[in-house]
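Just follow the structure's listing: the first ligand is 1, and inside any ligand the first atom is 1. Here the structure is a predicted model, which is why all the values come from computation and not from measurement. Numbering of residues begins at 1 and proceeds along the displayed sequence.
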Amino acid sequence: MLRGKHILVGVTGGIAAYKVCYLVRELRKAGADVKVVMTEAATRFVSPLTFSALSGHDVASDLWTHQQSTSSDIGTQHIDLAYWADLFVIAPASANTIAKLTYGLSDNLLTIVALASRCPLVLAPTMDADMYINPVTQANVAKLRERGCFIVPAEEGEHASGLRGPGRLPETEAIIRFIVGVLDKSTQDLRGKKLLITAGPTYERIDPVRFVGNRSSGKMGFALATAAALRGAAVTLITGPAHLETPRNVTRVDVESAAQMHKAVGIHAKEADAIIMAAAVADYRPRAPARSKIKKGRDTESLMLALQKTPDILQSLGQKKARGQILVGFALETEHALRNAREKLRRKNLDLIVLNSLADKGAGFAADTNLVTIIDRKGNAEKLPLMSKFDVANEVLNRLGKLL
Ligand code: CTP
């Protein structure tokens, strides 16, 4: 997996920087071409000369001197490094660098390259336990993960300070295993394909302040968008109200209601090679939304809300499906699940349907894991074990890729 791969290793300031010498050596032993970029703080812990000897390449650290020494393309060094890499791993990733990456600060060569890179970005957050568990660090890491960065789980144990807790850099073998796993999920098998993915709930207006909605978090659709973009697809993500970060290299279109989603899908559907409807679109909307806020009537003990059906977006896509276009739907069933999902696949003219389970632990709306059965046109049903929504996304894309 690593043979011939261009691995860019980013080193930030921290005592664990010395361990990354072994990482560079092992990556090269495994056949990878390795370049190293360091922050100024990292050079205080390990000399660039050490990394240069281990990697067999000049080490980039200072933006200005480096630009001058690589004479031919002055001013584009950061872009060159970013495009050279098949994978960028930052280890140790300090709290400071993580915060910078979260907010797009780019005041040194390492953060500039990270901002410019399109390849998978792997971070190994490494810092003293108290810094690691600080809510601000945790929130930053969570944001980066939502955007599609891969986070190597930190190890627990004793720190150089004497503190015990999480935040230690994992052993070299563990980081390499993690990198291989990421490369495996980032094969460019969907390059050149256009994917349209929908996510999240829809909100249907009752009046200017109230709506009918549902509990979809958008996590499944966002995971699909993240995974597809990593595999090289050009992804448009149409999402209802979801409080999630936009994944890297994904074009996001925000909508609110089923009608708006219908319209947005209509605009993008024609050119899509595949459409995945992961959104939990409302089946009904208030028939006559009030123009002003509905007041609580003094004598009104109950209030009737008349609802009318929304257009079934997926069904209409199925009716006018272009030749070769692949349609994937989701189904959430509580009874006769398989039978209903198969029937839905037929009725909506789908190629695949992903049957969600609500009843099982670890599955459902806000969870990070999901338990699904994937059914194809021939009626084959494959029940997958409980896995992360990102892994479910890749399972769906594996099957989709074969159909494209
Ligand atoms: N869907 C859609 N437009 C709607 C409703 C649903 O495109 N107005 C899509 C969803 O995105 C999902 C699939 O249809 O991919 C299945 O939705 P679901 O609500 O489970 O099924 P329905 O066909 O609406 O039937 P029911 O609610 O009766 O199960």
Side-chain angles (χ1 to χ4, degrees), residues 195-205 211-225 228 235-242 253-270 272 274-287 307-321 325-360 363-365 370-377 381 389 392-393 395-397 399-400 403:
L195 257 63
L196 177 60
I197 298 170
T198 66
T202 63
Y203 286 1
E204 310 302 325
R205 228 172 111 111
F211 60 84
V212 178
N214 63 65
R215 293 176 57 205
S216 166
S217 64
K219 283 181 178 173
M220 192 59 238
F222 275 64
L224 279 159
V235 181
T236 302
L237 174 66
I238 298 176
T239 178
V253 179
D254 284 294
V255 296
E256 198 172 278
S257 63
Q260 287 170 0
M261 185 169 280
H262 193 199
K263 195 169 161 207
V265 167
I267 292 169
H268 293 93
K270 262 186 239 100
I275 305 173
I276 309 178
M277 284 289 304
V281 187
D283 288 329
Y284 291 91
R285 65 166 171 242
R287 186 186 300 160
L307 300 175
Q308 79 176 52
K309 237 190 191 144
T310 57
D312 191 317
I313 305 170
L314 191 53
Q315 187 144 353
S316 65
L317 289 171
Q319 280 161 1
K320 49 181 188 248
K321 186 156 75 169
Q325 190 175 60
I326 304 298
L327 265 192
V328 183
F330 274 71
L332 207 159
E333 307 289 344
T334 47
E335 291 170 311
H336 310 297
L338 267 181
R339 198 175 71 201
N340 284 344
R342 284 197 174 109
E343 195 278 319
K344 216 169 262 185
L345 178 141
R346 251 192 319 275
R347 177 160 45 89
K348 300 195 184 190
N349 190 21
L350 309 180
D351 298 281
L352 291 172
I353 192 157
V354 184
L355 172 61
N356 265 301
S357 160
L358 241 197
D360 303 89
F365 286 133
N370 211 356
L371 195 64
V372 304
T373 302
I374 304 179
I375 304 162
D376 67 16
R377 272 183 97 91
K389 285 186 172 168
V392 170
E395 291 290 340
V396 173
L397 295 175
R399 288 159 183 80
L400 179 76
L403 296 172

Atom 28 (O) of ligand 1: any protein heavy atom closer than 4.0 Å: no
Contacting atoms of ligand 1, where contact means under 4.0 angstrom from a heavy atom of Ala282: 8 (N)
pair Phe211-Thr202: side-chain heavy atoms closer than 4.5 Å: no
Nearest-0.5 Å distance, NE2 of residue His268 to NZ of residue Lys263: 12.0 Å
Shortest reach to atom 6 (C) of ligand 1 by a heavy atom, considering only Gln315, Lys348, Arg347, His262: Lys348
Shortest protein heavy-atom distance from atom 2 (C) of ligand 1, along with the residue and atom involved: Asp312 OD1, 3.4 Å
The one among Arg285, Lys309, Lys344 that brings a heavy atom closest to atom 20 (O) of ligand 1: Lys344
Per-atom contacts of ligand 1 with Ala279, taking only distances under 4.0 Å to non-hydrogen atoms: 10 (C), 11 (O)
Min side-chain heavy-atom separation Val235-Leu224 under 4.5 Å: no
Heavy-atom check, side chain of Ile238 versus side chain of Met261, under 4.5 Å: yes
Atom 5 (C) of ligand 1: nearest protein contact (heavy atom, Å): Asp283 OD1, 3.2 Å
Numbering as shown, the atoms of ligand 1 that approach Leu332 to under 4.0 Å (heavy-atom distance): 20 (O)
Inter-residue atom distance Glu204.CD - Leu307.CG, 0.5 Å rounding: 9.5 Å
Lys270 NZ to Leu317 CG distance, which is reported to the nearest 0.5 Å: 11.0 Å
Identified side chain to side chain donor-acceptor pair (under 3.5 Å) counterpart of Asn349 within the set Arg377, Gln315, Lys320: Arg377
Closest protein heavy atom (residue, atom, distance) for atom 7 (O) of ligand 1: Leu314 N, 2.8 Å
Approximate separation, where rounding is to 0.5 Å, of Lys344 NZ and Leu350 CG: 10.0 Å
Donor-acceptor under 3.5 Å (Thr373 side chain, Ala381 main chain): no
Nitrogen or oxygen of Ile313 less than 3.5 angstrom from that of ligand 1: yes
Proximal atoms of ligand 1 relative to Pro311 (non-hydrogen, under 4.0 Å): 3 (N), 4 (C), 8 (N)
CG on Leu332 to CG on Asn340, rounded to 0.5 Å: 11.5 Å
Which residue and heavy atom of the protein sit nearest atom 13 (C) of ligand 1, plus the separation: Phe330 O, 3.0 Å
Within-cut-off N or O pair, Met277 and ligand 1, under 3.5 Å: yes
Contact atoms of ligand 1, heavy-atom distance to Gly329 under 4.0 Å: 15 (O)
Ligand-residue contact atoms, ligand 1 with Thr310, heavy atoms, under 4.0 Å: 8 (N)
